[in-house]
Amino acid sequence: MGSVVEEKMSTTPNAEPPTSHAQLRVAGNTSDVKGRTSNILWRIVDLIVAVIFIYAGAIKALDPVQFASDIDNYKILPWPFSVALAFYLPWLEIFCGFALVARTLYRGALSILTTLILVFTLATTAAKVRGLDITCGCFGHASQNWSFPAHLATNLGILAALLVLWLSNRSAKPS
Amino acid sequence: MTSSLVRQVLILAAVALIPGVGEAVYFRHKISWRSAVLPSEMVTVDQARAWGGNVIWVDARPDEEFARDHVPDAISLNEDRWNDLLSQFLVVWSPGKKVVVYCSSLSCNASREVARRLRREAQLPDVFVLEGGWEAWLKKR
């Protein structure tokens with residue numbers, strides 16, 4: 001058997017030994033597995049970010065009066081704007097969260113959520129610099145007693161996850 | 001690609017408006033667009049004084065400011081020591097009493113927050129915020 005192969009190899013130009021095909025197949029399979037694992041990982045990050053925003057939005061949508069007061073505590077916007085945002089922002093977060101889950105309007109959702117988290121982080125930092133003792137209101141009562149570092153770390157963690165999703169190749173595939 | 005991104009952002013922004021407007025209509029009686037406190041929850045110094053002995057004055061300012069000076073017979077109840085001070089307040093409170101909460105001035109938030117927590121967490125009726133706070137009281141003293 002070995003001699004027949006050797007004979008064919010010697011008579012066929014550019015022929016490769018059969019073992020190299022097998023190696024390529026194995027390499028291809030490994031690459032597929034890596035690709036699938038990577039996709040699953042991105043999907044998990046997607047879902048984590050989506051759940052965070054859907055939860056945060058739902059908590060605030062249930063109590064817009066409290067959220068308006070929380071926004072007002074930042075002393076950045078006039079009261080009517082705080083009220084308008086209290087009614088609007090929670091639903092924006094919820095819809096963007098669902099867009100990430102459904103992978104529909106994916107890039108639009110990522111853009112909005114990245115902008116929101118940047119604005120929240122800047123507002124929180126500005127409030128801290130100005131010496132305001134505020135309740136962020138990000139997650140309703142759950143975040144009422146969060147310290148500034150905990151608040152900032154959460155925001156930066158979410159921002160990092162969003163940037164990772166932006167930078168991943170996967171984000172180019174969905175609509 | 002950019003136009004597609006802008007289109008997606010606009011669609012999401014527009015869709016979120018619908019429930020947002022619906023919620024604004026639903027909560028129209030629970031929040032004022034003009035002031036952080038509903039007009040029915042505000043009280044002036046004169047109005048509160050007219051209630052006479054049926055009022056419990058609550059000082060929402062920090063402990064140091066309360067120690068410096070306060071409305072006669074006022075009880076300190078601030079968010080820094082909420083749990084400790086709330087139990088002290090509830091000893092004094094009785095049904096039928098009106099509660100008037102004040103903080104430093106017109107622009108402070110503490111009285112609003114304390115009043116809200118008294119309504120929600122302690123389930124107390126007749127909780128009011130003093131218009132103008134401690135400054136207004138000083139002017140009328």
Side-chain angles (χ1 to χ4, degrees), chain A residues 57-58 60-75 77-100 102-116 132-135 137 141 144-145 166 171-172 174-175, chain B residues 1-42 60-62 78-83 103-117 119-121 129:
Chain A
K60 289 180 284 200
L62 288 172
D63 194 353
V65 180
Q66 179 64 52
F67 186 41
S69 178
D70 291 337
I71 297 173
D72 189 53
N73 285 343
Y74 284 85
K75 300 281 179 205
L77 297 169
W79 175 251
F81 282 90
S82 301
V83 176
L85 285 179
F87 286 127
Y88 180 63
L89 282 185
W91 293 105
L92 191 60
E93 288 179 278
I94 291 170
F95 280 111
C96 288
F98 279 118
L100 290 192
R103 296 170 72 183
T104 308
L105 306 171
Y106 187 85
R107 287 167 161 267
L110 272 186
S111 308
I112 291 172
L113 294 179
T114 308
T115 308
L116 285 181
L132 297 175
D133 184 15
I134 52 154
T135 304
H141 284 292
Q144 207 162 36
N145 296 317
W166 263 119
S171 63
S175 63
Chain B
M1 193 166 128
T2 310
S3 65
S4 152
L5 180 64
V6 171
R7 187 179 55 84
Q8 290 186 15
V9 167
L10 289 177
I11 290 171
L12 283 165
V15 169
L17 261 180
I18 299 165
V21 170
E23 204 174 26
V25 172
Y26 183 79
F27 281 93
R28 67 189 180 282
H29 297 306
K30 293 191 176 176
I31 191 164
S32 163
W33 284 78
R34 292 183 180 175
S35 156
V37 182
L38 285 172
S40 59
E41 293 168 355
M42 294 284 279
R61 298 175 303 160
N78 55 54
E79 291 199 288
D80 298 336
R81 294 196 299 127
W82 178 259
N83 290 335
C103 53
S104 318
S105 63
L106 194 64
S107 59
C108 64
N109 287 327
S111 56
R112 206 173 72 206
E113 290 302 318
V114 166
R116 180 175 288 124
R117 291 183 76 172
R119 282 189 214 105
R120 290 196 177 193
E121 294 175 28
V129 171

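Only this structure's heavy atoms are used, side chains among them; waters, hydrogens and symmetry mates stay out. Letters go in sequence order (proteins before strands), and every chain restarts at 1. Note that the structure is predicted; figures quoted are calculated from it, not measured.
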Report which part of [X] has an atom under 4.5 Å of a heavy atom belonging to chain B: side chain, backbone, both, or neither.
| X | value |
| --- | --- |
| A/A68 | side chain |
| A/S69 | both |
| A/L113 | neither |

Legend entry - Contact origin within B/R7 toward chain A - heavy atom pairs under 4.5 Å: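 No part of B/R7 comes within 4.5 Å of chain A.
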Legend entry - A/F95 and B/I18, any side-chain heavy atoms less than 4.5 Å apart: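 In short, these two side chains do not touch, never coming nearer than 4.5 Å.
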Legend entry - Distance in Å, A/I71 CD1 paired with A/Q66 CD, rounded so as to fall on 0.5 Å steps: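 If I round to the nearest 0.5 Å, the distance is 11.0 Å.
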Inset, instruction - Answer yes or no: are there more than 12 heavy-atom neighbours, outside A/F98 itself, under 6.0 Å from its atom CZ? - result: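 Open.
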Inset, instruction - Among B/V15, B/L17, B/V21, B/L12, single out the residue with the greatest number of heavy-atom pairs under 4.5 Å to chain A. - result: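 The answer is B/L12.
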Inset, instruction - With a 4.5 Å cut-off on heavy-atom pairs, point out which of B/P19, B/G22, B/G20, B/A24 contacts chain A the most. - result: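 Max contact count across the listed options: B/P19.
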Legend entry - B/N78 (side chain) donor-acceptor with B/A60 (main chain) under 3.5 angstrom: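 Such a contact is absent between B/N78 side chain and B/A60 backbone.
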Inset, instruction - State, without any angle test, whether B/S4 and A/R107 hold a side-chain donor-acceptor pair at a distance under 3.5 Å. - result: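 No donor-acceptor contact under 3.5 Å links the two side chains.
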